[in-house]
Amino acid sequence: MQNRSRSQRGLPDFQENADPQKMAFLLRKQWALYSVTPLYKFSYANMKEYSRHLSAFVAAEKQKGLAMVVGIDLSIKVIFSTLLGLKGTDRDQAAILVQIASKTQTTSGKEEEKVVWSGWFCCVFGDELLENVPEDFICLPLFLANGAETYTAIIGTWFQKTFDCCFSRLAISPLNLAWMAAMWTGYKVDSHAVATELIFSVPCIPQRLDISYAIHPEDAQALWDTVQNTQGEVTQEEVDLFMDCLYSHFHRHFKIHLSATRLVKVSTSIASVHSDGNLKILQSKYLIGVLMLLTELAILQIQ
Amino acid sequence: MSVVRPFDKLPVLNSAAILLVGTDEDLQRQLAQTILKEKKDFKISIHLATSLPLPAERDHIRPRIDLIVFMINVQSKYGFKNIEASLAHVDANFFLGKVCFLVTGVGRVNHCSVDMSAVRKLGDVYCSPLIFCELELEGIRISTAQRLLRMLQICAGHVPGVSALFFSSLMRSSNDE
């Protein structure tokens, strides 16, 4: 089922219809990744109603003592909105943003509304793989959450009950992490180029050992440019060759076979991702490319 | 360069030898112990190796190898590469049913470093069956040991009327029907 090659499609410049201010909040935050099965009878027109229902649900759950908020909490409000521009093709459904804002009273007596939790559903280039989905279903297989785990659980429960869907944490295998390392190194970054860092986990007795391998961004890009020759397409062989070059360089210096360890985290100038399913996006320029890969993994996990 | 050959030595009466090749030494040893604990009516010698070729110095005291089991751990790319390199040191006549691949570690998605299609391709190219098992679980280890013992009996010629060539039926998947 694993793809042997992925095409680096012409990534649309998503900033055409997007609101740059809204997009800015997506960056530099730690997002927990989930895969979501299609939502049954979700309607974009009823989002105000959903906001009201969910606010009531969250308030009710809070009274059960599940979510603790410090300070005088006047009310919890849930806001549904769409995120424009976060899609690959027109067949992808529009991304949905859910935010929990809580009004607190500051020391000066003024009411302040602060966003305490954000979560967004999206689908980027997922149409080919979701062709067989019947009507009444909205496909937004990738879900990203930032904020307290208790809120994520409450929101997840409500969605599961209301739209008969299923959330599960997205697990990313070392194989897919290697793909991300290779593909994201290939994206040209003009400024703020950060070293590409790979973290490997070695099962050791008595304590687990973590090896961090940092590569200068220009060197990494130069290596990828020599490896990647098929225009517009990335193959498994190229990814393997890229990783093998890095492994043999490390072996030459430290006599350690990194291929016998497990790759757990990849950090590039574009984004950083951990195999437990945590993502941090650092640049908005290639956001669609990042989401495209993650959507594909989410869909594979659902199937 | 010594190549492992299937018919360069005379067989010993009522005994068989199995060679386990793989980089995960703990798992190898556990499997070997489980095989030894099984009930059998012939003498068995189990040889463990991390890679081929086998050292040439001990070649004269080594018995004829009847079955080679390559243990592929999907969690280690290094082990997989090692096995790919070791396959070059096996005589082509072995691949008529006397070789099989044991694939472990597939259970945990987060830990798979080897592409599954590459593993399947290896099985196809070398015309040998792939047996998927999680050897850390005792029940599966015991049933795998029993299976290997049965295969070993057939490879060593202890079962009249059945030869190792019949193992090609193990490679036909339901997709081919």
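Every chain is numbered from 1, with letters handed out A, B, ... down the list of sequences.
By the neighbour-count criterion of 12 heavy atoms within 6.0 Å, atom CZ of Arg147(B) is sparsely surrounded, having that number or fewer from other residues, nucleotides or ligands. Counting heavy-atom neighbours within 6.0 Å of Asp91(B) CG, excluding the residue itself, gives a total above 12. Atom NZ of Lys9(B) sits in a crowded spot, with more than 12 heavy atoms from other residues, nucleotides or ligands closer than 6.0 Å.
The structure places OG of Ser76(B) at 10.0 Å from NE2 of His257(A), a figure rounded to the nearest 0.5 Å.
Here the side chains of Leu175(A) and Lys77(B) are not in contact, with every heavy-atom distance at 4.5 Å or above.
Residue Ser173(A) comes nearest to Cys112(B) through the heavy atom pair CB-O, 3.8 Å, listed as atom of the first residue, atom of the second, then distance.
Applying the side-chain contact (heavy atoms from CB on, under 4.5 Å) test to Pro11(B) and every residue at least two apart in sequence or in another chain returns Arg64(B).
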**Study point:** Candidate pair Ser275(A) and Asn110(B), rule side-chain contact (heavy atoms from CB on, under 4.5 Å), full reasoning
**Key:** CA-CA 7 Å; Ser275(A) 80; Asn110(B) 263 18; 4.0 Å; yes
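With a 4.5 Å cut-off on non-hydrogen atoms, Ser201(A) does not touch chain B at all.
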